[in-house]
Amino acid sequence: METVHFTQQTFRAIMECFASPGELKKLDVQLSMAGLYDATASLCITLLDGEVSYFSFSEGDIDIQAWTGAKKAAIELADFIIVSSDATEEQVIRAIHSAKIGNLINPQQSATIIIEISNETQPKTYKLTGPGIQTKRIISCNLPTSFIKERAHKNKEFPLGVDVVIVDSSANLFALPRTTQIEEVEE
């Protein structure tokens with residue numbers, strides 16, 4: 001598949017994920033970047049270009065710059081923050097805590113965080129509510145324990161906040177827009 005059609009298809013999947021928070025989409029993948037899932041590489045080549053900046057907790061920095069032309073920036077200034085699957089829980093929390101949230105005139109100048117999660121451990125169950133979800137959506141995934149609290153704190157003053165894309169090693173992804181509430185379901 002040509003790169004243009006590939007990135008259009010990937011972009012469409014991302015937009016569908018944001019329209020229906022928590023709904024899984026399977027990505028077709030075509031390339032690899034050192035230290036990242038192939039699906040994350042697909043997201044990078046689709047979303048990043050010479051007009052945006054990024055920060056990465058990955059060894060794939062050189063590939064990200066080479067493939068996309070995006071500029072590396074400090075975490076507080078980055079338009080996109082990429083958290084690889086081998087990142088620590090502290091790095092995930094730092095990504096959320098440090099991400100820019102925009103301002104009241106330009107809330108769109110916030111960061112989008114892409115977080116890779118592992119499929120190897122027993123997933124937790126979460127309930128999602130908010131725009132794009134009719135009543136509630138139940139999902140299962142491996143999010144760091146303090147993720148929910150830190151994300152809720154970061155998104156407390158709508159329209160300010162951060163949007164999150166979660167990617168797994170099987171090329172599945174789902175989105176958590178800043179308007180989506182998430183809570184762990186005790187089983």
Side-chain angles (χ1 to χ4, degrees), residues 7-27 37 39-40 42-49 51-57 70 75-85 87 91-117 123-168 171-185:
T7 56
Q8 287 174 340
Q9 184 179 18
T10 302
F11 187 76
R12 191 172 300 114
I14 296 164
M15 291 300 101
E16 289 172 3
C17 286
F18 275 103
S20 299
E23 188 173 296
L24 279 180
K25 290 286 179 190
K26 177 90 169 170
L27 283 185
Y37 292 156
T40 305
S42 296
L43 291 175
C44 287
I45 200 165
T46 301
L47 298 173
L48 279 64
D49 61 21
E51 299 295 317
V52 299
S53 60
Y54 76 95
F55 178 88
S56 175
F57 288 104
I75 193 168
E76 297 82 8
L77 302 174
D79 298 312
F80 291 89
I81 300 172
I82 302 156
V83 183
S84 64
S85 61
Q91 288 173 318
V92 174
I93 299 311
R94 180 175 169 226
I96 297 167
H97 180 76
S98 301
K100 61 184 183 174
I101 59 171
N103 59 55
L104 290 174
I105 294 172
N106 294 299
Q108 74 280 4
Q109 292 179 347
S110 62
T112 298
I113 305 171
I114 300 169
I115 301 175
E116 295 182 339
I117 58 172
K124 296 176 187 170
T125 303
Y126 301 94
K127 177 178 81 168
L128 305 180
T129 57
I133 303 170
Q134 190 164 1
T135 55
K136 67 180 177 184
R137 180 165 287 130
I138 303 297
I139 63 169
S140 294
C141 64
N142 295 312
L143 294 171
T145 306
S146 49
F147 169 85
I148 295 173
K149 183 178 178 181
E150 189 65 33
R151 181 184 167 276
H153 178 72
K154 195 69 171 186
N155 292 339
K156 68 183 175 189
E157 293 186 44
F158 183 79
L160 307 180
V162 295
D163 299 314
V164 179
V165 178
I166 308 289
V167 183
D168 72 16
N172 295 307
L173 69 126
F174 67 89
L176 295 173
R178 66 191 74 187
T179 56
T180 301
Q181 288 76 48
I182 181 172
E183 61 184 82
E184 189 170 349
V185 176

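Here the structure is a predicted model, which means the values were calculated and not measured. Only this structure's heavy atoms are used, side chains among them; waters, hydrogens and symmetry mates stay out.
Residue-environment remark: NZ (K26) exceeds the threshold of 12 foreign heavy atoms within 6.0 Å. Few gaps surround CD on E16; more than 12 heavy atoms of other groups in view lie less than 6.0 Å from it. The neighbour count for E51 CD, taken as heavy atoms of other residues, nucleotides or ligands under 6.0 Å away, does not exceed 12. Within 6.0 Å of the NZ atom in K100, the count of heavy atoms belonging to other residues, nucleotides or ligands exceeds 12. Atom CD1 of I138 has more than 12 heavy atoms from other residues, nucleotides or ligands within 6.0 Å.
Not one N or O on the side chain of T179 forms a donor-acceptor pair closer than 3.5 Å with the backbone of P131. N103 contributes a side-chain N or O that, together with a main-chain N or O of N106, makes up a donor-acceptor pair within less than 3.5 Å. Side-chain atoms of D163 do not come within 3.5 Å of backbone N or O of I113 as any donor-acceptor pair. Although no hydrogens or angles enter the test, the distance criterion places no donor-acceptor pair under 3.5 Å between the side chain of T180 and the main chain of L176.
The distance from the CZ atom of R12 to the OG1 atom of T7 is 10.0 Å, given to the nearest 0.5 Å. Between the CZ atom of F174 and the CZ atom of R137 there is a distance of 11.0 Å, given to the nearest 0.5 Å. Atom CD1 of I148 and atom CD1 of I182 lie 4.5 Å apart (nearest 0.5 Å). The CD1 atom of I81 sits 8.5 Å away from the CD atom of E76 when rounded to the nearest 0.5 Å. Of the inter-residue distances, the one linking S98 atom OG with L77 atom CG reads 10.5 Å to the nearest 0.5 angstrom. Between the CG atom in L48 and the OG1 atom in T46 there is a gap of 9.5 Å [rounded to 0.5 Å].
Residues R178 and L160 share a closest heavy-atom pair of NH1-C, 3.9 Å. Shown here for C44 and I82, the closest heavy-atom pair between the two residues is SG-CD1, 3.6 Å. In this structure, A13 and L27 approach most closely via the heavy-atom pair CB-CD2, 3.7 Å. Scanning both residues, A78 and Y54, for their nearest heavy atoms gives CB-C, 3.7 Å. Minimum interatomic distance between P159 and L104 (heavy atoms only, all atoms of both residues): CD-CD2, 4.1 Å. Residues Y126 and C141 approach most closely at CE1-O, 3.7 Å, considering heavy atoms.
F80 is not listed as a side-chain neighbour of S53, based on a closest heavy-atom distance of 4.5 Å or more. In this structure, the side chains of L173 and D168 stay at 4.5 Å or more apart for every pair of heavy atoms. Side-chain atoms of I133 and T129, non-hydrogen and from C-beta on, never get closer than 4.5 Å to each other. Using a 4.5 Å cut-off on side-chain heavy atoms (C-beta onward), K154 and H97 make no contact. Considering only heavy atoms from C-beta on, V162 comes within 4.5 Å of I101 through its side chain. Counting heavy atoms from C-beta on, the side chains of F57 and I75 come closer than 4.5 Å. The closest side-chain heavy-atom distance from I115 to V165 is not below 4.5 Å. Using a 4.5 Å cut-off on side-chain heavy atoms (C-beta onward), E116 and V83 make no contact.
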side-chain contact (heavy atoms from CB on, under 4.5 Å) evaluation trace for I114 with V167: CA-CA 7 Å; I114 300 169; V167 183; 4.0 Å; yes
